[in-house]
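Heads up: the structure comes next, in structure tokens.
Residue numbers begin at 1 in each chain, while the letters A, B, ... track the order of the sequences. Just so it is clear, the model here is predicted, and its values are computed rather than measured.
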Protein chains: 2
Amino acid sequence: MFLEQEDRHLSAEELYMLVKHQNPEIGLATVYRTLDILAEIGVLIKNDFGDGRTRYEFSRKDEHHHHHHLICLGCGNVSEFDDDLLESLEAVITKRNQFKVMDHDLKFYGYCRKCEEAR
Amino acid sequence: MFLEQEDRHLSAEELYMLVKHQNPEIGLATVYRTLDILAEIGVLIKNDFGDGRTRYEFSRKDEHHHHHHLICLGCGNVSEFDDDLLESLEAVITKRNQFKVMDHDLKFYGYCRKCEEAR
DNA sequence: CTTGCTGCAAAACCTTTGCAAACCT
DNA sequence: AGGTTTGCAAAGGTTTTGCAGCAAG
């Protein structure tokens, strides 16, 4: 399976449709199974943007700590955003809440330029 | 319906079980319908902690901006965490990414004291 | 020949919906 | 009566699983 085609945040169904063009007899289950494996070995990252389906993106190993997402409430498009400041926050939390932070997930919901103009 | 009983992050199913004790003939659909209404009028907040079900918590109007969550990877327990610093980040994002931020959602995954000790 | 991958269909899971019965006022 | 709310069962949407068949070593 070669899903090098896209660099975005696609759902299993969307990937299925794409892959089906190259390989019409593939099954949706195989896509899910492959995606699961790729996520497990760290090639992909699973994301939940609240639209009821899991979305996958490539994990870039040059990122020491992953980026965050800007989710447009108008068109649903997802863009990315880098920021370091949560790292220091984790230390504060660990001390203050007796909670050993392993990972974090930050999402911003709002409107992209196009959708904001259209409002 | 009186779900004053709990102050945590419960799922519809869990609330259903609780309410059923007082009122055994209630249906799960009614719980969902009521929860939807309460969320719509702002009494409850819907949360998605990645365990496949929506979890509800009371919205406290004394919070100008809502808190964030610490989710234990061991026992699944959810605790809360307050921090102001995302407010200023929103301004940066708006300028830098041409993205009008309406809301944000920050979650930390890790281990609570008990689970961390048990590891 | 044995092991692992595949596709298909069915199941699982959470949530929503249709509808008739029950409940107000 | 008229309108609303209910419970039940069925449907919905996404993801997982069982299993027989195919492929590969």
TODO: In whole angstrom, give the distance that lies between atom CG of A:D51 and atom C1' of D:dT15.
DONE: 14 Å
- [ ] Using modelled atom types only, decide if a donor and an acceptor are shared between the side chain of B:T30 and the backbone of B:I26 within a distance under 3.5 Å.
- [x] no
Open item on the list: Any carboxylate oxygen within less than 4.0 angstrom of a Lys/Arg side-chain nitrogen, looking at A:D105 and A:K107?
Closed with: yes
- [ ] Round to the nearest Å and state the distance from A:D48 atom CG to C:dC14 atom P.
- [x] 15 Å
Task: B:I37 CD1 to D:dT4 P, straight-line distance once rounded to whole Å - done: 13 Å
TODO: Would you confirm whether the ring centroid of B:F49 sits within less than 6.0 angstrom of the ring centroid of B:H9?
DONE: yes
TODO: Report yes or no: do B:I37 and B:I45 belong to one cluster of Ile/Leu/Val/Met/Phe/Trp/Tyr joined by side chain heavy-atom distances under 4.5 Å?
DONE: no
Task: Ring-ring centroid check B:Y109 A:H104, cutoff 6.0 Å - done: no
Task: Lys NZ or Arg CZ of A:R119 over A:Y111 ring: under 6.0 Å, within 45° - done: yes
Task: Protein-nucleotide distance (A:R53, atom CZ; C:dC13, atom C1'), rounded to Å - done: 16 Å
- [ ] Using a cut-off of strictly less than 4.0 Å, decide whether A:T54 has a side-chain nitrogen or oxygen near OP1 or OP2 of D:dT15.
- [x] yes
Which pairs, protein N/O on one side and nucleotides 21-25 of chain C N/O on the other, fall under 3.5 Å?
none

Task: Whole-Å gap separating C1' (C:dC14) and CZ (B:F49) - done: 17 Å
Open item on the list: In this structure, how many angstroms lie between the P atom of C:dT6 and the CG atom of A:L35, rounded?
Closed with: 13 Å
Task: Note: A:E80-A:R60 ion pair, threshold 4.0 Å (strictly below) - done: yes
Task: salt_bridge(B:E14, B:R53) N-O dist < 4.0 Å - done: no
Open item on the list: With a 3.5 Å distance limit and no angle check, can you tell me whether B:S59 reaches the backbone of B:G42 through a side-chain donor-acceptor pair?
Closed with: yes
TODO: Check whether B:Y16 and B:L18 end up in the same hydrophobic cluster, where Ile, Leu, Val, Met, Phe, Trp and Tyr are linked by side-chain heavy atoms less than 4.5 Å apart.
DONE: yes
For nucleotides 16-25 of chain D, tabulate all protein N/O to nucleotide N/O atom pairs closer than 3.5 Å, reporting atom names and distance.
residue: D:dG18; atom: O6; partner: A:R33; partner atom: NH1; Å: 3.4

What's touching nucleotides 2-4 of chain C from the protein side, N or O pairs under 3.5 Å?
none

Open item on the list: Distance check needed: D:dG12 P versus A:E13 CD, whole Å only.
Closed with: 16 Å
Task: Gap between atoms CD1 and P, on A:I26 and C:dA9 respectively (whole Å) - done: 16 Å
- [ ] Please confirm whether the backbone N or O of B:G50 pairs with a side-chain atom of B:D48, one donor and one acceptor, at under 3.5 Å?
- [x] yes
